[in-house]
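The structure appears right after this line, and notes come after that.
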Amino acid sequence: MPTSKRLRVSEDDPLTRAIAPPSYETPQERDDRLAAEQEAKRVSDAIDDELNKQRISEKKGPKAIKILLLGQSESGKSTTLKNFQLMNSPKAFRSERASWRAVIQLNVVQSIHAILDLMSKAHSSAHNPPISSQPNTAPKEYPPLNPDHLKLKMRLAPLLQVEAALMKKLLPNGHVPLSSNPAQSFPTQQEISVNSSASWKNTFNRLMGRNSCDSADLIDWSDPDDPGVVLNACAEDMKRLWTDPVIQALMKVEKMRPEEMAGFFLDALDRVTSPRYIPTDDDVLRARLKTLGVSEHRFTMKTGPMGSPMSHDWRVFDVGGQRSLRAAWVPYFDDMNAIIFLAPISCFDQVLQEDPSVNRLADSFLLWKAIVSNPLLKKTELILFLNKCDILRAKLASGIRLADYIVSYGSRPNDFESASQYLKKKFAGLLKEHSPDRLYYFHLTSVTDTKSTTYILENVQDVLVRDNLRRSALVT
Ligand SMILES: Nc1nc2c(ncn2[C@@H]2O[C@H](COP(=O)(O)OP(=O)(O)OP(=O)(O)O)[C@@H](O)[C@H]2O)c(=O)[nH]1
Ligand SMILES: [Mg+2]
């Protein structure tokens, strides 16, 4: 859950701080990192082989245009990749919607799980009032829960089995990373992550024992064990929980804002729990699945006038943004045409999940600094997406003040225009300081919005095609 933290920008060497593995890793983080590095190496070797083949047949066409998506975890990299897929391979994108159904169901259950955990916390604090560990800070005062809330909580308990079943279905080795915490009445939840988007979809389809292109055919609608059955049965109770004024007040005390969190579907419960639910394109963009390894998406696009179009091959690489996974980025720095760097600017009041001592915006500044000053990326086009603008807009409008987290923001108006321009200048300033005279492209984005993102990505593609042609002209 995001907690508040004042912005702290470190002056340490950005590369060491941002890209090197953290000094302390949990065994799970270490395993994740090693697995990601191995996967990165395997993919990188395969790319080298492919490049060699490509060079041999170079006469057949211009080199593929390569884009690397970078940014911290939950910055919107995989969502941007999905937009590329939706634009350029809509059939393939839509054929995968059945696989995303399970992810969305898991996202729903996990949002409910987070609220149930908060209820447990409030309940136990009412019976054993905590003593504040911080001087001059009063312990949180939660609104009291009544017996109906506790009954509701018990009625929703079957969702936790659904959560375990969905995780089992989605994880390739069937391992369910749920650990029981004896202090809580429910098991603690963990975020599910995948090594590459292709492999979990294959696993899922194999499990379903189908090989069809139609999303609806991939779902066994008569299966009594389908998670959709329990979700549908619990729909009314989930809605009751989410809209209950005491629960809303409880979340307010805890500064918990599920609507800003990854994979939020509680505002669409009727639809996503309906008996024959198939995700829409927008649902797939909003679904959250953390990336562990590196995913690659290839497509071919025609540009130029109708009479003489030119065909270009594209490759877009998506990586995991969590700190422990960033070392796996480096093998991809070589030979990229462009980097799309995503900085989620709505996160100014949040901390990193993997290191709660670090403010998320400060981490984005550090990462951007590391990327712009990296010698391997000197010739790479930089495209900066200041992302999650929709959330920033809503957050500022709700009264959360940017100046409370960035002191230098001072008395500027707490509105979207001033805040986004100020943050843009901060990123531009870092570029100017660490890579003077370098051009970059910049966009204010909400990559869950397909329409505006398609427009921006078409513009990005245009710029890169022209740049690629200019470079090939210079080479020959
Ligand atoms: N409202 C809103 N949600 C967004 C936006 N961009 C991404 N999201 C959501 O934020 C969540 C995280 O996005 P991802 O694309 O999975 O993030 P990522 O950068 O790939 O994260 P890692 O794989 O952990 O590195 C998803 O649920 C997205 O739907 C945005 O602009 N607005
Ligand atoms: Mg991702």
Side-chain angles (χ1 to χ4, degrees), residues 2 18-19 29 32-33 36 39-40 68-86 100 103-104 106-108 110-111 190-200 257-268 272 279-297 316-329 332 339-347 350 352-355 360 363-364 367 384-395 416 420 443-454 456-457:
I19 295 184
E29 282 171 347
D32 288 354
R33 179 173 58 79
E39 172 73 358
L68 180 60
L69 299 166
L70 294 182
Q72 64 184 207
S73 189
E74 290 193 25
S75 56
K77 298 178 295 298
S78 301
T79 314
T80 304
L81 183 78
K82 287 180 203 167
N83 274 289
F84 271 114
Q85 289 169 320
L86 184 59
W100 285 103
V103 177
I104 291 163
L106 184 62
N107 288 168
V108 169
Q110 293 198 317
S111 295
Q190 292 192 19
E191 199 175 12
I192 191 169
S193 47
V194 288
N195 241 327
S196 99
S197 62
S199 63
W200 71 266
R257 294 187 294 273
E259 57 277 33
E260 286 171 17
M261 285 161 55
F264 174 71
F265 288 96
L266 297 185
D267 59 350
V272 300
T280 62
D281 292 347
D282 280 351
D283 291 347
V284 175
L285 289 180
R286 282 167 63 186
R288 165 65 176 159
L289 193 61
K290 182 164 128 187
T291 312
L292 260 194
V294 180
S295 311
E296 181 188 339
H297 171 59
V316 184
F317 298 88
D318 176 28
V319 296
Q322 193 184 297
R323 280 198 155 183
S324 57
L325 303 173
R326 294 177 190 171
W329 298 0
Y332 295 86
I339 282 178
I340 297 184
F341 185 91
L342 288 112
I345 50 174
S346 61
C347 299
Q350 293 170 0
L352 290 182
Q353 200 180 28
E354 62 268 34
D355 184 352
R360 285 192 64 182
D363 180 67
S364 270
L367 257 187
L384 175 63
F385 280 12
L386 296 187
N387 193 36
K388 301 205 176 181
C389 285
D390 56 332
I391 301 181
L392 178 69
R393 202 181 279 278
K395 194 175 258 186
F416 176 75
S420 56
H443 299 275
L444 290 172
T445 58
S446 299
V447 297
T448 35
D449 175 29
T450 333
K451 211 168 147 203
S452 61
T453 308
T454 301
I456 291 168
L457 291 182

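For clarity, every value in this text was computed on a predicted model and none was experimentally measured. If you read the sequence from its start, that first residue is 1, and numbering goes on from there. When a ligand or atom number is given, it counts from 1 through the structure's own listing order. Below, all heavy atoms of this structure are taken into account, side chains as well, without hydrogens, waters or symmetry copies.
Ring planes of His443 and Phe385: perpendicular class, angle over 60° (limits at 30 and 60°).
A heavy-atom distance below 4.5 Å is not found between the side chains of Thr453 and Thr445. Side-chain contact between Glu260 and Gln350 is present, with at least one heavy-atom pair separated by less than 4.5 Å. Using a 4.5 Å heavy-atom cutoff, the side chains of Gln353 and Gln322 are not in contact. Counting heavy atoms from C-beta on, the side chains of Leu68 and Trp329 never come closer than 4.5 Å.
Scored by the side-chain contact (heavy atoms from CB on, under 4.5 Å) test, Ser78 finds Thr291, Asp318 as partners (sequence neighbours excluded).
The Mg ion (ligand 2) has an N, O or S atom of Ser78 closer than 2.8 Å. The Mg ion (ligand 2) has an N, O or S atom of Thr291 inside 2.8 Å of it.
Donor-acceptor pairing under 3.5 Å is lacking for the side chains of Ser446 and Asp449.
For ligand 1, the 4.0 Å heavy-atom shell takes in Gln72, Ser73, Glu74, Ser75, Gly76, Lys77, Ser78, Thr79, Ala262, Gly263, Leu285, Arg286, Ala287, Arg288, Lys290, Thr291, Val319, Gly320, Gly321, Asn387, Lys388, Asp390, Ile391, Ser446, Val447, Thr448, ordered by chain and residue number.
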